[in-house]
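Heavy-atom basis, side chains included; hydrogens, waters and symmetry copies ignored. Numbered from 1 within each chain, the chains take letters A, B, ... in sequence-line order.
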2 protein chains.
Amino acid sequence: MFLNQTSQYALRAMAGLIVADQNGPMKSKDLAQTTEIPSHYLSKIMRKMVEAGFVESKKGHGGGFILKKPLEQIRIIDVLNAAGFDMDEQPCVFGWDQCSDCNPCPLHPVWKRLKESFNEWAFNTTMEDIRKENRLLIDMKFSQKS
Amino acid sequence: MFLNQTSQYALRAMAGLIVADQNGPMKSKDLAQTTEIPSHYLSKIMRKMVEAGFVESKKGHGGGFILKKPLEQIRIIDVLNAAGFDMDEQPCVFGWDQCSDCNPCPLHPVWKRLKESFNEWAFNTTMEDIRKENRLLIDMKFSQKS
DNA sequence: TATTCAATAGACTTGTGAATCTATTGAAAT
DNA sequence: ATTTCAATAGATTCACAAGTCTATTGAATA
C-alpha cells in the first residue's frame, strides 16, 4: 500500500480510541481487538502517540490509554508524523530522487498533485472530523494487503 | 518508491539496452555496469524480458541480449507486467481493499486519477519514445531510496 | 503490605523482496 | 575436441519492516 503498515495502524488506533469513547482509559488489549492490530505491536505504536502528546497512558489496575488533547487539535498529519511517516520524503513514481519541477520524470505532475492533495487533506483533517464521520478509517481494519 | 525495485530495474535495463544500440548482443555484465543494477539480479530480470519476447538471449562466446521486437511494439506497460507489476493491483492510499467508487476512502479520487494517468502513460508510451527522448529512465540510475 | 493489573523496554523471531553465489548448460572460436 | 565465454537455474544469504516474547515498572485495590 501507500502508507506503511505502521502508520496505517497509527491512524486506525487513534480512530479506534476516539470512537470507543468510553468513560475510563482504554486498555491496549481491547483497542487491539477492535482495531485488529497485533496487540504487542500496537503497544509500541501507542507509545509514540503518548510521546507526541495525543494520549496519556496509565499503568496498572484500571489503566490504559486516554485522550489528552481535544480532538480538533489532533491533525491526521501529526499522527502520521508521530508514526514516522512523511509524505514529502516519498520518492517519485520511479524512485528517481532527482525528480523535481525543473527536472521532472514522466509522471511528475500527477505525482505532485497526489502528494499535495494528500498533504492538504492530512493537514486540514482532524480527529474530530474522523469522529463525526465515523465510517472513515475504522473500516480500514478490513484491509488486507500490505 | 512507487514501483518496486524489480520493475524499476526492468525499465532501466530495457532503456539501457536500446540506448546502447550496439551492433552485436549486449552482455549482461556490461548492461549491469551502465545501468548500475546488480549483475546477477539483472540476469534474472532479463530472463523475464526474454520470456516476454522483448529480447533474445544468446549463450556463449559473443553472446548476450539483443532486441527481438521493434521498439514501437514494446510498451512500458508490457515491460512492467512482464516484471510482475500491475498498477491495478496496487491497494489504495490506506491499504483499504474495500476502497472503490461506491465506497471511497478519503483520498480515493486523487488516487484514482494517479492510477489512470499512470496506466495511460504506460500504455501509450513505447520503448521507441524512450529512445527518442533518451534523457528519460536512463537517468533514473541515479535514484537511491528504495 | 501483598496482589493484581496493564504499560513499557528491549531482546528476539518472522516474513519478504532484494541480492548473491555456485554449478550447469549451451554456443562460439581455436 | 577443447577451451572459453556468457546465460541460466536454483539454493542461499541479506536487510529491513513487522510482529512476538519476556521481564520489569508503576499504579490501583484489597
| Are the charged groups of A:Arg113 and A:Glu116 less than 4.0 angstrom apart, N to O? | no
Within residues 43-52 of chain B, those residues having any heavy atom closer than 4.0 Å to DNA chain D are B:Ser43, B:Lys44, B:Arg47
When rounded to whole Å, the OH to C1' distance for the pair B:Tyr9 and C:dG17 reads 11 Å
- prompt: Quick one: is C:dA6 close enough that its OP1 or OP2 comes under 4.0 Å of any side-chain N or O from A:Lys27?
  reply: yes
Q) Is there a donor-acceptor contact under 3.5 Å from the side chain of B:Asn124 to the main chain of B:Glu120? A) yes
- Item | Short side-chain N/O contact to C:dA6 OP1/OP2 from A:Ser57, under 4.0 Å | no
DNA chain D nearest-nucleotide lookup for A:Gly60 and A:Thr6: closer to the 5′ end is A:Thr6
To the nearest angstrom, the CZ-P distance between B:Phe65 and D:dC5 comes to 18 Å
Between CD of A:Gln8 and P of D:dG19 the distance, given in whole Å, is 10 Å
Looking only at D:dT22, C:dC21, D:dA7, the nucleotide nearest the B:Lys59 side chain is D:dA7
Taken to the nearest whole Å, CD/B:Gln5 to C1'/C:dA18 is 8 Å
To the nearest angstrom, the CG-C1' distance between B:Asp30 and D:dA7 comes to 14 Å
Walking DNA chain D from its 5' end, the first of B:His61 and A:Tyr41 to be reached, judged by nearest nucleotide, is B:His61
Smallest heavy-atom separation, A:Ser28 atom then A:Phe65 atom, equals CB-CE1, 3.8 Å
Taken to the nearest whole Å, CD1/A:Ile37 to C1'/D:dA18 is 13 Å
Practice task
Would you mind classifying the nucleic acid contact of A:Ser39 as base, sugar-phosphate or nothing, using non-hydrogen atoms under 4.0 angstrom?
Solution key: nothing
Here the distance between atom P of C:dA7 and atom NZ of A:Lys29, to the nearest Å, is 10 Å
Verify side-chain hydrogen bond (donor to acceptor under 3.5 Å, both in side chains) between B:Asn103 and B:Ser100, making sure each step is shown before the conclusion.
CA-CA 5 Å; B:Asn103 196 20; B:Ser100 69; 5.4 Å; no
By nearest-nucleotide position on DNA chain C, the 5'-leaning member of A:Gly64 and B:Pro38 is A:Gly64
Exercise. Please confirm whether the backbone N or O of A:Asn4 pairs with a side-chain atom of A:Ser7, one donor and one acceptor, at under 3.5 Å?
Key: yes
> Between the main-chain N or O of A:Thr35 and the side-chain N or O of A:Arg12, is there a donor-acceptor pair closer than 3.5 Å?
Replying inline: yes
In whole angstroms, the gap separating C1' of D:dA17 from CG of A:Leu42 amounts to 17 Å
Do side-chain atoms of B:Lys48 reach the backbone of B:Val79 as a donor and acceptor pair under 3.5 angstrom? no
